[in-house]
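Note that ligands are numbered from 1 as they come in the structure, with each ligand's atoms numbered from 1 the same way.
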Amino acid sequence: MCRYPLGMTSGQIQDEDISASSQWSESTAARFGRLDFDTGDGDGAWCPDIMSEPGGFKEYLQVDLRSLHFITLVGTQGRHADGMGNEFAQRYRIKYSRDGSSWVGWHDRMGNQVIEGNKNTYDVVLKDLEPPIVARFVRFMPVIDPSLIVCMRVELYGCEWLDGLVSYSIPDGHQMIYRGLDVFFNDSVYDGATAQRLTKGLGQLTDGTWGLDDFLHSHVPGAWPGYDYVGWSNKTFPKGYVEVVFDFDHIHNFTSMKVHCSNMFSRGVRLFRQATCFFRSESEWEPDPMTFRPSAEPLSQSARFVTVPLGDRTASSIKCRFHFGDQWLLFSEVAFQSGSAVYNTSLGPHKHGQPKKTPLGDDPTHKVDDSNTRILIGCLVAIIAILLTIIVIILWRQVWQKMLEKASRRWLDDELTARLAVQTQAFSFLRFSQSSEDGSGSGSISTYERIYPASADYQEPSRLIRKLPEFAECAEHLARASLPESGTSSRAGVGSDGAPHYAEADIISLQESSDSGSITAVNMNLFAGLDSTLREFPREKLTFKEKLGEGQFGEVHLCEAEDMQNFLGEDTLMEGSSKSPLLVAVKMLREDANKNARNDFLKEIRIMSRLRDPNIVRLLAVCVDTDPLCMITEYMENGDLNQFLCSLRLKTLTGGEADQQEGSNEVSSVKLLGMAMQIASGMKYLSSLNFVHRDLATRNCLVGKNDTIKIADFGMSRNLYRGDYFRIQGRAVLPIRWMSWESILLGKFTMASDVWAFGVTLWEILTLCKEQPYSQLSDEQVIENTGEFFRNQGKQVYLPQPQCCPDRIYGDLMLSCWRRNAKERPSFQEIHAQLTESR
Ligand code: ADP
């Protein structure tokens, strides 16, 4: 899971932290070596001056990450420069350093230093670093052919190395002869000095790889017996223990240490009998060590984590003496817990494909984990306290709201007609929200959440879009149009621009401009970007009928809209008589919505106002002159597709019954494919506008009369399906079960990732939404599966063929949506054609 982009692409890594040995010219300086950046500022990449060093082995592009990071993956790209560039690095090496002075050349587990790089100027080539590295400085060193100019754009992926461990020092591992077989327990990836003792480096004990139960085997292809472990025989240790010294970047407050050990006692290998740890904060080791003995003798021979309590001692170095429990002591991983954070074993990739087990669950010495339990209880108490505070605030707000409501009703009763009073029930609480809105800015605890993170670890697609010259202009234009003063004058310019825009560009300008919080300004901005045919509907002409549902923004009501057909004009003929009031769905922004929610609500309005397609839910009008903000959309009688399908059964075709009518709650596979075809048609339209939906799923499609399906929910999720979204490290809530591997791992959202989501949506439809995709996998396992898609070693799990899914649809269509290479996935045009044909 530790595979986040570290900031070359997003710009989080500053220009001054990117340097190089040389540059061909000012316009190919190091700062242009950012992967996926081709902004037109420079010449599109970093290119070294090959004349300065004819040998061509010392040129490098250096990235300073400012702190230690666990780096698991690197990405490179050549110089494309809008088709002008034709330079790339076919091969390169990596050097890294933790302190900026001593540098280590990276090599893979087999000792190869050279990494195969790019084959063309535009494709990003990602390479797993096996083993991963812990470093602050990383250098990319292209292997240069003197006759060619080489240019590079790069990105690093990983996460921050919170462990703080900068080196460990151990006696080098020994060799065992087991039944005539040579078993090597040396630390083969150690990156420090390797004399009698290994010093000043990190290696296998911190590479995130846990050894298998049987130490003769390893998951690393081609590895020798004993590869995963570093081990020692007691014969060379007359004192009966092995001494390991751990050095940290600064003083930590240590809670415990976890040591992953082999326990194959049938081969003379056992957990350590005792660990005695000394602490040092300054120059001297403190005299009072901590001693720990694993309590019970474990019967199982499986490898396990043993937790050694460190009693909250402060230190910048720890020296532990591990006493032999038998002839051999074998370790594969060591991790430290200090303060409140748990480090490398939880962050490091777990390459053995076993489900991640907590060391505690494995550990026969669980009694010693009392300190963990105490921390856990402390956290739970804190969470409960926070929840109670939130509940009290909510209750307080509700009481206050009711008082306001009462006051307002009394006042309104004098003036308003009976009909208005009915509407008041639906809207009044928001009419008077102006004053509460003011208060909510500071103290609100809205339940609203953003789905897409603003964090640099996850790239906002809007960033990508802004980089594209054709959209950057549009975004800038809109940003200008969004300034309150220029709102009116720019209206015509934007309105007359009939060209399709990528909606995200609008989002940004709207969000930036509405920071002022002024309703008038927001509304002016809103209209500046709106389709000119969308107008303010008089809200007194809406009569509340019933509540249809509740979304992220607030309630959705079924209302009668008086005179709506006349209001819309002849261009927009809606089903239903023009005389009778038209039934519409009214989505309202809830009273306690914060600024972000408000902006996102306006964003959805702006996006929807431009979309016109039979398979996209149509926005008819808005009420944004006063609060509550409302959007009026066409009414879809049968609610959302997920609930709709869930209530149906599959019609089985048996003999003569085949021609019979479907029962009221039965549906045939042909009809299901027809529904999928409609979604494909809507998506085809969206993709023709270069619009990326990012959250296609049955829950976000609505069903009208005669099984008409329309796509809704542009950029938002809803609370009803909270279980479908997954929160990554408290930052982002993402619909991971619908997301392509590149969206999850690289934050890339494209039309091809929408195609992936379509594949999952098609699967949902053909299983009648009876279960969640990958229901047998936990969220963490879904993420691990994504890693398998990335690694592409045939271990990835696909959604199975639904019972009623024809072989051709599964093999040719559904599976093709989940192809690893996004370019090989079909387009929505092709998908639509294929589904049309199959009917
Ligand atoms: P949000 O986008 O804020 O999550 P939704 O638009 O999903 O809110 O609306 C919540 C629920 O309201 C949906 O699940 C659906 O049942 C109902 N709903 C929304 N729009 C319509 C509509 N146009 N016609 C019928 N029902 C609707």
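Of the N or O atoms in A585, none lie within a sub-3.5 Å distance of an N or O in ligand 1.
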Apply the test side chain to side chain contact (heavy atoms under 4.5 Å, CB included) to residues K710 and I679: give CA-CA distance (whole Å), side-chain angles for both, the deciding distance (0.1 Å), then the verdict.
CA-CA 7 Å; K710 300 195 183 199; I679 298 174; over 6 Å; no

Side chain to side chain contact (heavy atoms under 4.5 Å, CB included) between E666 and L650, worked out:
CA-CA 6 Å; E666 286 191 329; L650 190 67; over 6 Å; no

Is there a side chain to side chain contact (heavy atoms under 4.5 Å, CB included) between S609 and V622? Walk through the geometry before answering.
CA-CA 10 Å; S609 73; V622 289; over 6 Å; no

Could you please spell out the steps behind the side chain to side chain contact (heavy atoms under 4.5 Å, CB included) verdict for F553 and R598?
CA-CA 8 Å; F553 293 120; R598 195 181 174 85; over 6 Å; no

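For ligand 1, the atoms sitting less than 4.0 Å from at least one non-hydrogen atom of Y635 are 24 (N), 25 (C), numbered in the order shown with element in parentheses. When each atom of ligand 1 is checked for a heavy atom of E550 under 4.0 Å away, the hits are 10 (C). Residue-ligand proximity, E634 to ligand 1, at heavy-atom distances under 4.0 Å covers atoms 22 (C), 23 (N). Counting atoms of ligand 1 from 1 in the listed order, those under 4.0 Å from a heavy atom of T633 are 23 (N). Atoms of ligand 1 lying under 4.0 Å from at least one heavy atom of K587, given by number and element, are 1 (P), 2 (O), 3 (O), 5 (P), 6 (O), 8 (O). Using a 4.0 Å cut-off to heavy atoms of D640, the atoms of ligand 1 that qualify are 14 (O). Those atoms of ligand 1 that come under 4.0 Å of a heavy atom in F553, given as number and element, are 3 (O).
At a 4.0 Å heavy-atom cut-off, ligand 1 touches L702 through the side chain alone. The proximity of Q643 to ligand 1, defined as any non-hydrogen pair under 4.0 Å, does not occur for either the backbone or the side chain.
Taking the six-membered ring for Trp and thresholds of 30 and 60 degrees, W818 and W756 have ring planes inclined between 30 and 60 degrees apart.
At a threshold of 4.5 Å between non-hydrogen side-chain atoms, the residues C623 and I632 count as touching. Looking at heavy atoms from C-beta onward, I605 lies in side-chain contact with V624 at the 4.5 angstrom threshold.
Taking 4.0 Å as the cut-off, D713 counts as a neighbour of ligand 1 on heavy-atom distance.
Between E742 and R825 a salt bridge is recorded (basic side-chain N to carboxylate O distance below 4.0 Å).
Closest heavy-atom approach to atom 16 (O) of ligand 1 within the set N642, L548, D695: this belongs to L548.
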